[in-house]
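Structure, as structure tokens:
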Protein chains: 2
Amino acid sequence: MGEGRRAHSTARQSDVHVRALLRGLAVLEVLAQGQDLNLSEVARRARLPVSTTHRLLETLRRRGFVQPVEDGRYRVGLRAFEVGMGFLRAQRLPDVARPVMVELVDRVEETANLAVRDGAEAVYVLQVESDRMLRLFGQPGSRHPLYCTGVGKVLLAWEPEEEVRKLLGRGPLPRFTPRTLTDPDAVVRELRVVRARGYAVDREERESGVRCVAAPVRDAAGRVAAALSVSAPASRLPNRRIPQVAATVVSAADEISRRLGFSAVRNSPPPAGKIPVPSES
Amino acid sequence: MGEGRRAHSTARQSDVHVRALLRGLAVLEVLAQGQDLNLSEVARRARLPVSTTHRLLETLRRRGFVQPVEDGRYRVGLRAFEVGMGFLRAQRLPDVARPVMVELVDRVEETANLAVRDGAEAVYVLQVESDRMLRLFGQPGSRHPLYCTGVGKVLLAWEPEEEVRKLLGRGPLPRFTPRTLTDPDAVVRELRVVRARGYAVDREERESGVRCVAAPVRDAAGRVAAALSVSAPASRLPNRRIPQVAATVVSAADEISRRLGFSAVRNSPPPAGKIPVPSES
DNA sequence: CATGTCTTTCCGTATTGTAGAAAATTCTTC
DNA sequence: GAAGAATTTTCTACAATACGGAAAGACATG
């Protein structure tokens, strides 16, 4: 920065966006919440004029990204689903992780989740359900805070503290249950524990009655690429059972990491700096 | 310039589309195939000028619908995944169907799929895998032809023949295996059989070595809203086992229909006409 | 260093999206 | 059923905006 003498408008590479497309995407995002909305509600939520919204919706509809449903309401369409699944199709992660997760679920008899980080939130990408239980929460595609979920803590734990602070903000953090940690400092301390023992625990911090245990999945470069978790009703995850479950989760996560090309050999402490090779370039 | 009086003008809301948005969606669709592409490849496949494509990709990236990956390549982004999953979130179908499918998979020990029709293709929306087998084909979000898959035939069988003909075209239909029916007439005959016995069979017509059995799921209005199938290696689905598996699939599909509000009581022949009220859409 | 491929930026132009308002439609309410 | 409210849809004039060719950078390859 430190420039700014372009005559007419700013010449930032940042603002090469196409407004009409941005607005169309905004409409899609509004509908993605999962409720069917009519034109004017979409317009209100997307903060767009009605007639503009109408045009955008019509365009999205023609392409199948949005489908009209009874009563003049709209909902996310099949094509959007298809495109969205393209995300999984392109990643190696889901294919690699799924069989391991099936195995894991078999062992612990509880539902397993795989999540990745997106900014200050975790997004569930894959879920393998135990038949012992109907879904607790967190369908694939849903977002969750980082500081009060097992996967979230894992996704945070190996980030540099400065980054963590930035993501958490200055607090207090929104409280979901009596056990939620609302003080960023407390979270940072907790993350230290997570890092030390190699897995994270969520004791009803996000949702009363639900506990989970999570471990990091690393990619070939050694970065934490995802978090694997097992969640269960608190009654089925008493403290004394946690170490054993955690061991199982960690070993499953390690297996996924291995298959992604990560080799743990030289990195007891996960790779922080560069390789200390004194040879010059 | 007396333009046509809008008096009876056929409300052609057809040409109210936003080109920039259409193009952006086209870019997304290109990437949704699952391969990572660089700018110029995207431009080529989307048939757009490079500079335009660049701008669109940049816009999509800012919103997380596309993510840059190593080597200047792009792939479908997390946000697109989220939005796509909104499709499932909005539908009742997946939530209703999943538990029934889990049960079904438990019974037959083979992978179950749920598909809906989109134009002349079937799109898989839900899959429950048997642990006996690694995925055969057809991940959620993928498209398949109607005339040579179990789910496809089911989705076609209760449509009016005129519609079916239109969807099939004049043939010959693309052949995938030696058993594929390539003649529209043959398909129409086959559909009659499907309708009569209430389920469809695919005997390696799409993929050599893979058979499947499919049955219709009806919504509250009695329409075929989806198709439920079980697929397996041909060796595990010999002819003599098919009737029994089919019965299981049909009963699972019926259960889903029931939970969707369909009551089979008065409709031995699935509702073909409407209630004789001459109102129209 | 030359050459080809690919990405990014620039910029003048007219195409295209925009939004207000009016028309048409649907939903309420009496 | 009629009157009125609240939608959705169409229309239009205007200028903001997206456009795409071309040029300038990157980056690799021979």
Side-chain angles (χ1 to χ4, degrees), chain A residues 1 3-28 30-31 35-63 66-75, chain B residues 1-28 30-31 35-63 66-75 279-281:
Chain A
M1 58 197 291
E3 237 251 28
R5 53 187 186 86
R6 269 284 162 262
H8 303 303
S9 57
T10 71
R12 274 213 209 89
Q13 71 253 32
S14 330
D15 51 1
V16 273
H17 40 213
V18 177
R19 195 174 66 153
L21 176 54
L22 281 176
R23 289 172 154 196
L25 297 178
V27 167
L28 264 182
V30 162
L31 285 173
Q35 331 183 27
D36 303 338
L37 304 174
N38 61 12
L39 171 58
S40 32
E41 281 169 298
V42 173
R44 181 165 342 108
R45 301 199 190 194
R47 319 210 157 177
L48 293 172
V50 180
S51 74
T52 299
T53 306
H54 177 255
R55 232 169 335 106
L56 294 171
L57 275 170
E58 186 58 22
T59 306
L60 290 165
R61 189 191 61 71
R62 297 188 86 67
R63 278 286 162 130
V66 147
Q67 61 190 201
V69 71
E70 98 301 337
D71 242 1
R73 293 197 139 76
Y74 295 88
R75 100 172 21 159
Chain B
M1 317 313 171
E3 197 63 68
R5 211 117 296 178
R6 76 253 171 298
H8 320 32
S9 72
T10 58
R12 52 182 307 185
Q13 68 236 91
S14 324
D15 49 357
V16 272
H17 37 213
V18 177
R19 195 174 68 156
L21 177 53
L22 282 176
R23 290 172 153 192
L25 297 178
V27 166
L28 264 182
V30 162
L31 285 173
Q35 328 183 30
D36 303 338
L37 304 174
N38 60 14
L39 170 59
S40 31
E41 283 167 10
V42 173
R44 181 167 338 108
R45 302 201 188 192
R47 316 200 160 192
L48 293 171
V50 180
S51 74
T52 300
T53 308
H54 178 254
R55 226 166 333 108
L56 294 171
L57 275 171
E58 186 58 22
T59 306
L60 290 165
R61 189 192 60 72
R62 295 187 88 66
R63 277 285 160 131
V66 147
Q67 61 191 197
V69 73
E70 98 301 337
D71 241 359
R73 293 197 139 75
Y74 295 89
R75 102 172 19 158
S279 73
E280 60 137 274
S281 54

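All values reported here derive from a predicted model rather than from experimental measurement. All chains are named by letter (A, B, ...) in the order of the sequence lines, taking the proteins before the strands, and each is independently numbered beginning at 1. Values reported hereafter were calculated over all heavy atoms of this structure, with side chains retained and with hydrogens, waters and symmetry mates removed.
- The stretch residues 36-50 of chain B comes close to DNA chain C through B:Asn38, B:Leu39, B:Ser40, B:Val50, each having a heavy atom under 4.0 Å from the strand.
- In this structure, A:Ala20 and B:Val18 approach most closely via the heavy-atom pair CB-CG1, 3.8 Å.
- Side-chain N or O atoms of A:Arg73 include one that pairs as donor or acceptor with a backbone N or O of A:Asp36 at under 3.5 Å.
- Rounded to whole Å, the distance from NE2 on A:His17 to P on C:dT8 is 17 Å.
- Comparing the helix axis at one end of the helix from C:dC1-D:dG30 to C:dA14-D:dT17 with that at the other, each defined from 5 consecutive pairs, gives an inter-axis angle of 0° (nearest 10°).
- Checked by distance alone, A:Arg23 brings no side-chain donor or acceptor within 3.5 Å of a matching partner on the base of C:dG17.
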Are there any protein N/O atoms within less than 3.5 Å of an N/O atom in nucleotides 25-30 of chain D, and if so, which ones and at what distance?
none

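- Between the P atom of D:dT17 and the CZ atom of A:Arg55 lies a distance of 13 Å, rounded to the nearest Å.
- The interatomic distance linking A:His54 (NE2) with C:dA24 (P) rounds to 15 Å, in whole Å.
- Rounded to an integer number of Å, the gap from CG of A:Leu22 to P of D:dA16 is 19 Å.
- When A:Asn38, A:Thr52, A:Val66 are each tested for a side chain to side chain contact (heavy atoms under 4.5 Å, CB included) with A:Leu57, only one passes: A:Val66.
- B:Glu58 has a carboxylate O that lies under 4.0 Å from a charged side-chain N of B:Arg61, or vice versa, which qualifies the two as a salt bridge.
- Candidate nucleotides C:dG20, D:dA18, D:dG20 were compared by shortest atom distance to the side chain of B:Thr52, and D:dG20 ranks first.
- Taking CG from B:Leu25 and CG from A:Leu25, the interatomic distance works out to 7.5 Å, rounded to the nearest 0.5 Å.
- Interatomic distance, B:Leu21 CG to B:Thr59 OG1, rounded to the nearest 0.5 Å: 11.5 Å.
- As rounded to whole Å, 10 Å separates atom C1' of C:dC27 from atom CG of A:Asp71.
- In terms of heavy atoms, A:Val27 sits closest to A:Ala46 at CG2-CB, 4.5 Å.
- Here D:dT17 presents its P atom at 18 Å from CD of B:Glu58, a figure rounded to the nearest Å.
- In this structure, B:Leu56 atom CG and C:dT8 atom P are separated by 14 Å, rounded to whole Å.
- The pair A:Glu41-A:Arg44 does not meet the salt-bridge criterion, since no charged nitrogen lies less than 4.0 angstrom from a carboxylate oxygen.
- One finds the CZ atom of B:Arg23 at 13.5 Å from the CZ atom of B:Arg47 (value rounded to the nearest 0.5 Å).
- Whole-Å rounding puts the A:Leu21 CG to C:dT18 P distance at 11 Å.
- Across all their heavy atoms, B:Thr53 and B:Leu48 have their closest contact at OG1-CB, 3.4 Å.
- Annotation: of the two residues near DNA chain D, A:Arg19 and A:Tyr74, the 5′-most nearest-nucleotide partner is A:Tyr74.
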